[in-house]
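All remarks here apply to the structure that follows.
Residue indices begin at 1 and follow the sequence shown. Note that the structure is predicted; figures quoted are calculated from it, not measured. In each ligand, atom 1 is the first atom listed, and ligand 1 is the first ligand listed.
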Amino acid sequence: MNEEQRKAGSLDVIAQRNKKEKDYSQYFETVYQPPSLKEAKKRGKEDVQYNRDFQIDERFKEMGKGRTFFIKTFGCQMNAHDTEVMAGIFEALGYTLAEDILKADVILLNTCAIRENAENKVFSEIGNLKHLKRDRPDCLIGVCGCMSQEESVVNKILKSYQNVDMIFGTHNIHKLPEILEEAYMSKAMVIDVWSKEGDVIENLPKVRDDYFKAWVNIMYGCDKFCTYCIVPFTRGKERSRRPQDIIDEVRDLARQGYQEITLLGQNVNSYGKDLKDIEYDLGDLFEDISKIDIPRVRFTTSHPWDFTDHMIDVIAKGGNIVPHIHLPVQSGNDAVLKIMGRKYTRESYLDLVNRIKTAIPDVALTTDIIVGYPNETEEQFQETLSLYDEVEFEHAYTYLYSQRDGTPAARMKDNVEKEVKKDRLQRLNQKVGYYSERALKGYEGQVVTVLCEGSSKKDNEVLAGYTDKNKLVNFRGPKEVIGKLVDVKIDEAKQYSLNGTFLHVHEPSAVKA
Ligand code: SAH
Ligand code: SF4
Ligand code: F3S
């Protein structure tokens, strides 16, 4: 490296020059690969390769000796699980977990791009870490996760956040050792973002965050391309794991005593469609997993389009697949659904809900709704409200539409005032609150089975856990039941949770709510 290049690699020089120029590549010692949403949109025909040979190279094994790491996670369960994998890699490299973000030698922000406010939170966090980099220049700060897959974000970090040492995306977290090594060696920002998805990598190390509940990826990516959504760009094409790999992982978790698993995918109902050599779908996977001795199996997220009768049948049998279905509807109006690219109608959604309710009478249905889609009219919004009344969801996550660069919806003109959207959201939330409270009230006097997770956040003497339908229950009981399924009699419904009295440890054949 010559003097000129060395200077160009210094953060200050990059900062000055980036203000003037758009091509950043000359300031990097390694090849600078900007992420490209256009590239990310392409869906290749090549088969997914399954890599089972992941190993930490000998030369990296001492890298973390005497060093600590901290990962701050934003976004969905997918990110939470990626964080567990990255923590596994850090520990395999000899790092230990720092007790506090400000004391860590390596800080990673595992980011979410789903809405603007999610991104703003991350930028303010990076800003907060600026003084840390001044005080401890040797500490490494990395940005990974979905935001790293966006060109605009990478360019913004280059321009305004020179305290960041590395940026890498969602497809190459298994390359963390190499990325860290490069960041230690190089004075310039290390950027390694792959716009195209890689292989499915099995056998990655993991440090699970919980002793009783575990995430299990069943597939990666999303091919639905709902017109508002950034995920197909940040997570790549749909890739299913092989059934045997999933089953082996679940069996192993059962052996370790895990009580609950959540099968993860952006659209789990598409599971298996890309497995060309076998006919195997989510219903088949449910069946195989229901034979494993693990008390609770959750799954998220289900796109209403691909929900099959086979899946409904397996859940209806009352085995370990929980009767809680999160079924994002987004809108109750056909025209809005159409421009959202959701590929179902109000009628077909309601028909699916009917089939589910008929087969599984005690099912708990929850949903996601977007309010204020471009040009949404009051009448269209009213249809969302009326659909809510028809289905009587037990809960919903509601969002104001947020424009995402690169998505088709971002090109739509929008004639709805922000205040009007906010007012609609508030009205919808009132409805959500009404049905959530009503659902909780219905539990008063009943006995429910709770997976006791530990002490409640508010009171150390009170235990807390969730029912199979994801209702939070607080109760007094012996601390030995932490990590076990217990039966609790519900005394009182609060606004967001239930209070109850501990009865006994749950016997599988005993009453189940
Ligand atoms: N794969 C899941 C959704 C994952 S994103 C599914 O299709 O069901 C979680 C939720 O975020 C979505 O259901 C949607 O309600 C919301 N969301 C996604 N993109 C959004 C955007 N641009 N603005 C507002 N909300 C959005
Ligand atoms: Fe986004 Fe639609 Fe895929 Fe869900 S199904 S992740 S909303 S594109
Ligand atoms: Fe966010 Fe990426 Fe999940 S955008 S919601 S972290 S898949």
Heavy atom of [X] under 4.0 Å from ligand 1?
{"X": "R342", "result": "yes"}
{"X": "T407", "result": "no"}
{"X": "N267", "result": "no"}

> In terms of heavy-atom contacts, does CD of Q382 have more than 12 from other residues, nucleotides or ligands at under 6.0 Å?
Replying inline: yes
> Does OH in Y496 sit with more than 12 non-hydrogen atoms of other residues, nucleotides or ligands closer than 6.0 Å?
Replying inline: no
> Which residue, R241, R239, R52, forms the salt bridge (Lys or Arg N to Asp or Glu O under 4.0 Å) with E202?
Replying inline: R241
Short N-O contact, [X] and [Y], less than 4.0 angstrom:
{"X": "D47", "Y": "K276", "value": "yes"}
{"X": "D362", "Y": "K357", "value": "no"}
{"X": "E437", "Y": "K431", "value": "no"}
{"X": "D351", "Y": "R355", "value": "yes"}
{"X": "D274", "Y": "K237", "value": "no"}
{"X": "E394", "Y": "K471", "value": "yes"}
{"X": "K224", "Y": "D306", "value": "yes"}
{"X": "E150", "Y": "K156", "value": "no"}
{"X": "E378", "Y": "R424", "value": "yes"}
{"X": "E260", "Y": "R298", "value": "yes"}

Heavy-atom pairs closer than 4.0 Å: do any link ligand 1 to the side chain of [X], the backbone, both, or neither?
{"X": "P328", "result": "side chain"}
{"X": "Q330", "result": "side chain"}
{"X": "Q266", "result": "both"}
{"X": "Y228", "result": "both"}

>> Looking at ligand 3, is there an atom of it that comes within less than 4.0 Å of some heavy atom belonging to R235?
In response: yes
[atom]: nearest protein contact (heavy atom, Å):
{"atom": "atom 21 (C) of ligand 1", "value": "S402 O, 3.6 Å"}
{"atom": "atom 10 (C) of ligand 1", "value": "D368 OD2, 3.4 Å"}
{"atom": "atom 1 (Fe) of ligand 3", "value": "C112 SG, 2.4 Å"}
{"atom": "atom 1 (Fe) of ligand 2", "value": "C229 SG, 2.3 Å"}
{"atom": "atom 6 (C) of ligand 1", "value": "T301 CG2, 3.8 Å"}
{"atom": "atom 24 (C) of ligand 1", "value": "L400 O, 3.4 Å"}
{"atom": "atom 4 (S) of ligand 3", "value": "A113 N, 3.2 Å"}
{"atom": "atom 5 (S) of ligand 1", "value": "I114 CD1, 3.5 Å"}
{"atom": "atom 6 (S) of ligand 3", "value": "N79 ND2, 3.3 Å"}
{"atom": "atom 2 (Fe) of ligand 2", "value": "C226 SG, 2.3 Å"}
{"atom": "atom 17 (N) of ligand 1", "value": "R115 NH1, 3.4 Å"}
{"atom": "atom 3 (Fe) of ligand 2", "value": "C222 SG, 2.3 Å"}

>> I need the contact type for Y228 against ligand 2. Using non-hydrogen atoms and a strict under-4.0 Å cut-off, is it side chain, backbone, both or neither?
In response: side chain
> With backbone taken as N, CA, C and O and side chain as the heavy atoms from C-beta onward, which portion of P328 lies under 4.0 Å from ligand 2: side chain, backbone, both, or neither?
Replying inline: neither
> Atoms of ligand 3 less than 4.0 Å from Q266 heavy atoms?
Replying inline: 7 (S)
Can you sort out which atoms of ligand 2 are near [X], meaning under 4.0 Å from one of its heavy atoms?
{"X": "V231", "result": "6 (S)"}
{"X": "P232", "result": "8 (S)"}
{"X": "F225", "result": "8 (S)"}
{"X": "K224", "result": "3 (Fe), 5 (S)"}
{"X": "H303", "result": "5 (S)"}

> So which of M78, E238, Q266, R404 gets nearest to atom 4 (Fe) of ligand 2, if we judge by its closest heavy atom?
Replying inline: Q266
Would you please indicate if the ring centroids of [X] and [Y] are separated by under 6.0 Å?
{"X": "F393", "Y": "Y388", "result": "yes"}
{"X": "F123", "Y": "Y161", "result": "yes"}
{"X": "F299", "Y": "H326", "result": "no"}

> Can the positive tip of K41 be found less than 6.0 Å from the middle of the six-membered ring of F225, inside 45° of the ring normal?
Replying inline: yes
> Mind checking whether atom 2 (Fe) of ligand 3 has an N, O or S of C146 under 2.8 Å?
Replying inline: yes
>> Need the ligand 1 atom indices (1-based, order shown) with element for anything under 4.0 Å from a heavy-atom of Y401.
In response: 23 (N), 24 (C)
> Looking at R404, which atoms of ligand 1 are within less than 4.0 Å of one of its heavy atoms?
Replying inline: 22 (N)
> Just one of L263, V322, L285, I292 clears the side chain to side chain contact (heavy atoms under 4.5 Å, CB included) bar with V297, so which one?
Replying inline: L263
>> If we count only N and O atoms by modelled type, under 3.5 Å, do the side chains of S290 and N320 hold a donor and an acceptor together?
In response: no
> Of the backbone and side-chain N, O or S atoms of C76, does one lie nearer to atom 1 (Fe) of ligand 3 than 2.8 Å?
Replying inline: no
>> So is R342 touching ligand 2 or not, going by heavy atoms under 4.0 Å?
In response: yes
